[in-house]
Amino acid sequence: MNNSTSLPAWSLRPARPDDIEAIVELRAVVMRPDLQRLGRYDPHRVRQRFRDSFVPGPTSVVEADGAFAGCVTLRSDGDRLLLEHFYLAPGLQGRGLGSAVLRGLLDRADADDRAVRLNVLTGSPARRLYERHGFVVESQDPVDVFMIRTPRSLSAPPPPDGSFRGDPTDRSERIRSIR
(Lines give C-alpha, C1' and ligand atoms only; values in the text may rest on other atoms or scores of the structure.)
Protein backbone atom coordinates (compact mmCIF):
# COMPACT_ATOMS: atom_id res chain seq x y z
CA MET A 1 0.00 0.00 0.00
CA ASN A 2 1.44 3.40 -0.84
CA ASN A 3 1.82 6.11 1.77
CA SER A 4 -0.92 8.35 0.32
CA THR A 5 -3.60 5.76 1.08
CA SER A 6 -2.25 4.19 4.28
CA LEU A 7 -3.85 4.78 7.64
CA PRO A 8 -1.78 7.29 9.60
CA ALA A 9 -0.93 6.78 13.27
CA TRP A 10 -3.77 8.49 15.08
CA SER A 11 -5.16 9.27 18.50
CA LEU A 12 -7.98 11.16 20.18
CA ARG A 13 -7.41 13.77 22.84
CA PRO A 14 -9.90 15.90 24.75
CA ALA A 15 -10.72 19.17 22.98
CA ARG A 16 -9.64 22.39 24.63
CA PRO A 17 -11.19 25.84 24.28
CA ASP A 18 -8.22 26.97 22.18
CA ASP A 19 -9.00 24.26 19.56
CA ILE A 20 -12.09 26.14 18.43
CA GLU A 21 -10.60 28.13 15.53
CA ALA A 22 -8.87 25.12 13.97
CA ILE A 23 -12.15 23.19 14.18
CA VAL A 24 -14.18 26.13 12.84
CA GLU A 25 -11.93 26.40 9.79
CA LEU A 26 -11.94 22.65 9.16
CA ARG A 27 -15.74 22.59 9.44
CA ALA A 28 -16.04 25.36 6.84
CA VAL A 29 -13.76 23.51 4.40
CA VAL A 30 -15.34 20.07 4.89
CA MET A 31 -18.97 21.20 4.79
CA ARG A 32 -18.61 23.67 1.92
CA PRO A 33 -19.24 21.26 -1.02
CA ASP A 34 -22.40 19.77 0.54
CA LEU A 35 -23.75 23.12 1.71
CA GLN A 36 -23.09 24.67 -1.71
CA ARG A 37 -24.84 21.77 -3.43
CA LEU A 38 -27.84 22.34 -1.14
CA GLY A 39 -27.74 26.12 -1.74
CA ARG A 40 -27.05 26.77 1.95
CA TYR A 41 -23.39 27.79 2.13
CA ASP A 42 -22.70 31.00 3.99
CA PRO A 43 -19.02 31.38 4.99
CA HIS A 44 -19.82 33.38 8.13
CA ARG A 45 -22.77 31.24 9.27
CA VAL A 46 -20.95 27.91 8.88
CA ARG A 47 -18.28 29.17 11.25
CA GLN A 48 -20.48 31.07 13.70
CA ARG A 49 -22.91 28.19 14.24
CA PHE A 50 -20.05 26.09 15.53
CA ARG A 51 -18.59 28.88 17.67
CA ASP A 52 -22.02 29.41 19.26
CA SER A 53 -22.46 25.75 20.20
CA PHE A 54 -18.92 24.49 20.90
CA VAL A 55 -18.55 22.58 24.17
CA PRO A 56 -15.08 21.09 24.66
CA GLY A 57 -16.18 18.43 27.20
CA PRO A 58 -17.76 15.84 24.86
CA THR A 59 -15.53 16.79 21.91
CA SER A 60 -12.35 14.99 20.95
CA VAL A 61 -9.63 16.21 18.63
CA VAL A 62 -8.33 13.66 16.15
CA GLU A 63 -4.57 13.81 15.73
CA ALA A 64 -2.84 11.98 12.90
CA ASP A 65 0.91 11.57 12.90
CA GLY A 66 0.97 14.06 15.80
CA ALA A 67 -0.90 16.87 14.01
CA PHE A 68 -4.46 18.21 14.13
CA ALA A 69 -6.54 16.09 11.74
CA GLY A 70 -10.14 16.65 12.80
CA CYS A 71 -12.65 16.34 15.58
CA VAL A 72 -15.70 14.44 16.74
CA THR A 73 -18.29 15.01 19.44
CA LEU A 74 -20.07 12.15 21.19
CA ARG A 75 -22.47 13.32 23.85
CA SER A 76 -25.26 11.87 25.91
CA ASP A 77 -28.77 12.47 24.62
CA GLY A 78 -31.11 10.80 27.10
CA ASP A 79 -30.65 7.04 26.86
CA ARG A 80 -28.80 7.41 23.54
CA LEU A 81 -25.63 9.06 22.34
CA LEU A 82 -25.47 11.81 19.75
CA LEU A 83 -22.57 11.84 17.28
CA GLU A 84 -21.86 15.35 16.02
CA HIS A 85 -19.14 17.44 14.41
CA PHE A 86 -17.23 14.57 12.85
CA TYR A 87 -14.82 16.35 10.53
CA LEU A 88 -11.55 15.09 9.07
CA ALA A 89 -9.08 17.04 6.98
CA PRO A 90 -9.80 16.39 3.30
CA GLY A 91 -6.33 14.92 2.68
CA LEU A 92 -7.00 12.26 5.31
CA GLN A 93 -10.44 11.22 4.06
CA GLY A 94 -10.78 7.92 2.25
CA ARG A 95 -7.76 6.37 3.98
CA GLY A 96 -9.55 4.47 6.76
CA LEU A 97 -9.09 7.08 9.47
CA GLY A 98 -12.80 7.94 9.67
CA SER A 99 -13.69 4.25 9.95
CA ALA A 100 -11.09 3.67 12.64
CA VAL A 101 -12.26 6.63 14.73
CA LEU A 102 -15.93 5.74 14.27
CA ARG A 103 -15.33 2.09 15.11
CA GLY A 104 -13.69 3.10 18.41
CA LEU A 105 -16.59 5.36 19.34
CA LEU A 106 -19.16 2.71 18.44
CA ASP A 107 -17.30 0.11 20.48
CA ARG A 108 -17.71 2.39 23.51
CA ALA A 109 -21.41 2.85 22.75
CA ASP A 110 -21.85 -0.92 22.38
CA ALA A 111 -20.08 -1.53 25.71
CA ASP A 112 -22.61 0.84 27.33
CA ASP A 113 -25.49 -0.75 25.36
CA ARG A 114 -26.46 2.64 23.90
CA ALA A 115 -27.82 3.53 20.50
CA VAL A 116 -26.09 6.31 18.57
CA ARG A 117 -27.90 8.96 16.54
CA LEU A 118 -26.51 11.44 14.04
CA ASN A 119 -27.53 13.56 11.14
CA VAL A 120 -25.75 13.98 7.85
CA LEU A 121 -26.49 16.40 5.03
CA THR A 122 -28.56 15.00 2.18
CA GLY A 123 -26.28 13.69 -0.57
CA SER A 124 -23.14 13.74 1.58
CA PRO A 125 -20.64 10.96 0.84
CA ALA A 126 -20.25 10.59 4.64
CA ARG A 127 -23.58 8.76 4.66
CA ARG A 128 -21.89 5.71 3.11
CA LEU A 129 -19.41 5.60 6.00
CA TYR A 130 -22.24 5.59 8.51
CA GLU A 131 -24.21 2.94 6.62
CA ARG A 132 -21.13 0.68 6.53
CA HIS A 133 -21.09 0.91 10.33
CA GLY A 134 -24.72 -0.09 10.74
CA PHE A 135 -26.54 3.24 10.80
CA VAL A 136 -29.97 3.25 9.18
CA VAL A 137 -32.19 6.14 8.17
CA GLU A 138 -34.64 7.14 10.85
CA SER A 139 -36.09 10.16 8.99
CA GLN A 140 -35.05 12.80 6.53
CA ASP A 141 -35.99 16.16 5.10
CA PRO A 142 -34.63 18.06 2.08
CA VAL A 143 -31.47 19.07 3.97
CA ASP A 144 -30.78 16.47 6.68
CA VAL A 145 -30.80 12.69 6.95
CA PHE A 146 -31.26 11.50 10.54
CA MET A 147 -29.71 8.11 11.23
CA ILE A 148 -29.51 5.71 14.15
CA ARG A 149 -27.45 2.67 15.05
CA THR A 150 -28.52 0.24 17.72
CA PRO A 151 -25.88 -1.29 19.98
CA ARG A 152 -24.29 -4.50 18.71
CA SER A 153 -24.09 -7.55 20.89
CA LEU A 154 -20.76 -7.82 22.62
CA SER A 155 -20.80 -11.56 21.89
CA ALA A 156 -20.78 -10.91 18.14
CA PRO A 157 -17.84 -8.65 17.27
CA PRO A 158 -18.09 -6.53 14.13
CA PRO A 159 -16.29 -7.72 11.02
CA PRO A 160 -12.61 -6.67 10.94
CA ASP A 161 -13.23 -4.17 8.13
CA GLY A 162 -15.91 -2.40 10.20
CA SER A 163 -18.65 -3.13 7.69
CA PHE A 164 -22.19 -3.90 8.74
CA ARG A 165 -23.33 -7.39 7.77
CA GLY A 166 -27.03 -6.66 7.73
CA ASP A 167 -29.01 -5.12 4.92
CA PRO A 168 -29.43 -1.44 5.92
CA THR A 169 -32.67 -1.32 3.94
CA ASP A 170 -34.12 -4.35 5.74
CA ARG A 171 -37.37 -3.23 7.38
CA SER A 172 -36.94 -5.46 10.44
CA GLU A 173 -33.55 -3.86 11.19
CA ARG A 174 -35.05 -0.38 10.79
CA ILE A 175 -37.92 -1.19 13.14
CA ARG A 176 -35.57 -2.58 15.80
CA SER A 177 -33.32 0.44 15.53
CA ILE A 178 -36.10 2.97 15.99
CA ARG A 179 -37.25 1.48 19.29
Side-chain angles (χ1 to χ4, degrees), residues 5 7-8 10 12 23 26-38 40 46 49-50 53 58-62 64 69-154 156-179:
T5 60
L7 180 65
W10 67 275
L12 293 178
I23 296 170
L26 178 61
R27 180 179 196 268
V29 167
V30 170
M31 292 188 70
R32 184 177 186 146
D34 288 327
L35 290 171
Q36 284 180 323
R37 181 180 34 76
L38 295 167
R40 300 181 66 95
V46 73
R49 284 189 70 188
F50 187 84
S53 66
T59 302
S60 296
V61 166
V62 180
C71 70
V72 63
T73 299
L74 188 64
R75 66 179 175 86
S76 192
D77 183 33
D79 61 342
R80 295 181 173 99
L81 296 169
L82 186 59
L83 179 70
E84 303 175 299
H85 308 302
F86 191 11
Y87 313 119
L88 290 178
L92 294 170
Q93 294 175 12
R95 295 174 53 189
L97 180 58
S99 285
V101 171
L102 184 57
R103 190 170 29 252
L105 296 171
L106 295 176
D107 286 349
R108 289 191 336 212
D110 289 347
D112 291 340
D113 198 32
R114 296 179 80 179
V116 179
R117 283 192 166 146
L118 61 82
N119 76 292
V120 62
L121 292 172
T122 298
S124 173
R127 179 175 169 175
R128 290 189 305 271
L129 168 70
Y130 299 129
E131 288 172 337
R132 283 194 312 269
H133 287 274
F135 284 86
V136 295
V137 174
E138 187 173 35
S139 66
Q140 62 187 55
D141 61 37
V143 175
D144 293 300
V145 178
F146 299 90
M147 303 180 82
I148 191 165
R149 179 191 176 272
T150 56
R152 301 290 172 236
S153 166
L154 296 179
D161 67 357
S163 63
F164 175 60
R165 292 191 184 188
D167 176 359
T169 62
D170 175 48
R171 183 173 160 71
S172 62
E173 177 63 27
R174 287 177 51 210
I175 291 170
R176 282 193 305 274
S177 70
I178 292 171
R179 291 187 185 143

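Not measured: the values here are computed from a predicted model.
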| Considering all heavy atoms, the nearest Leu121-Met31 contact | CD1-CE, 3.8 Å
| request: Considering non-hydrogen atoms only, spot the tightest contact between Asp34 and Gly123 and give its length. | output: OD1-O, 4.2 Å
| field | Heavy-atom side-chain contact between Glu84 and Pro58 under 4.5 Å | value | no
| note | side chain to side chain donor-acceptor pair (under 3.5 Å) test vs Glu131 passes for just one of His133, Arg128, Arg127, namely Arg127
| query | Looking only at heavy atoms, which two atoms of Leu26 and Ala89 are closest? And how far apart? | reply | CD1-CA, 3.6 Å
| said: Between Arg95 (side chain only) and Leu7 (backbone N and O only), is there a donor and an acceptor less than 3.5 Å apart? | reply: no
| Aromatic ring pairing Phe86/Tyr130, orientation class (parallel under 30°, perpendicular over 60°, tilted between) | tilted
| Does a side-chain heavy-atom distance below 4.5 Å link Val72 with Leu83? | yes
| query | Taking C-beta and beyond as the side chain, do Asp144 and Val120 meet within less than 4.5 Å on heavy atoms? | reply | no
| field | Min side-chain heavy-atom separation Arg149-Asp110 under 4.5 Å | value | yes
| Are any of the side-chain heavy atoms of Leu38 and Pro142 separated by less than 4.5 Å? | no
| said: Please determine whether side-chain contact (heavy atoms from CB on, under 4.5 Å) holds for the pair Phe135 and Val116, giving the CA-CA distance in whole Å, both sets of side-chain angles, and the decisive distance to 0.1 Å. | reply: CA-CA 8 Å; Phe135 284 86; Val116 179; 3.8 Å; yes
| query | Within a strict 4.5 Å, meaning less than it, do heavy atoms of the Val62 and Tyr87 side chains meet? | reply | no
| message | Please report the interatomic distance CZ(Arg117) to CE(Met147), rounded to the nearest 0.5 Å. | response | 13.0 Å
| query | Would you say the side-chain atoms of Arg27 pair up with the backbone N or O of Val46, donor to acceptor, closer than 3.5 Å? | reply | yes
| query | About how many Å separate CG of Leu118 and CG of Leu102, when rounded to the nearest 0.5 Å? | reply | 8.0 Å
| Are the side chain of Arg37 and the backbone N or O of Thr122 linked by a donor-acceptor pair below 3.5 Å? | yes
| field | Reported CZ-to-OG1 distance for the pair Phe50 and Thr59, which is rounded to 0.5 angstrom | value | 5.5 Å
| In Å and rounded to the nearest 0.5 Å, what is the CZ to CG distance from Arg80 to Asp112? | 15.0 Å
| note | Rounded to the nearest 0.5 angstrom, the CG-CG distance for Leu81 and Leu105 is 9.5 Å
| Min side-chain heavy-atom separation Arg40-Val143 under 4.5 Å | yes
| Closest heavy-atom contact between His85 and Thr73? | CD2-OG1, 3.7 Å
| Hey, what do you get for CZ (Arg75) to CG (Asp77), rounding to the nearest 0.5 Å? | 5.5 Å
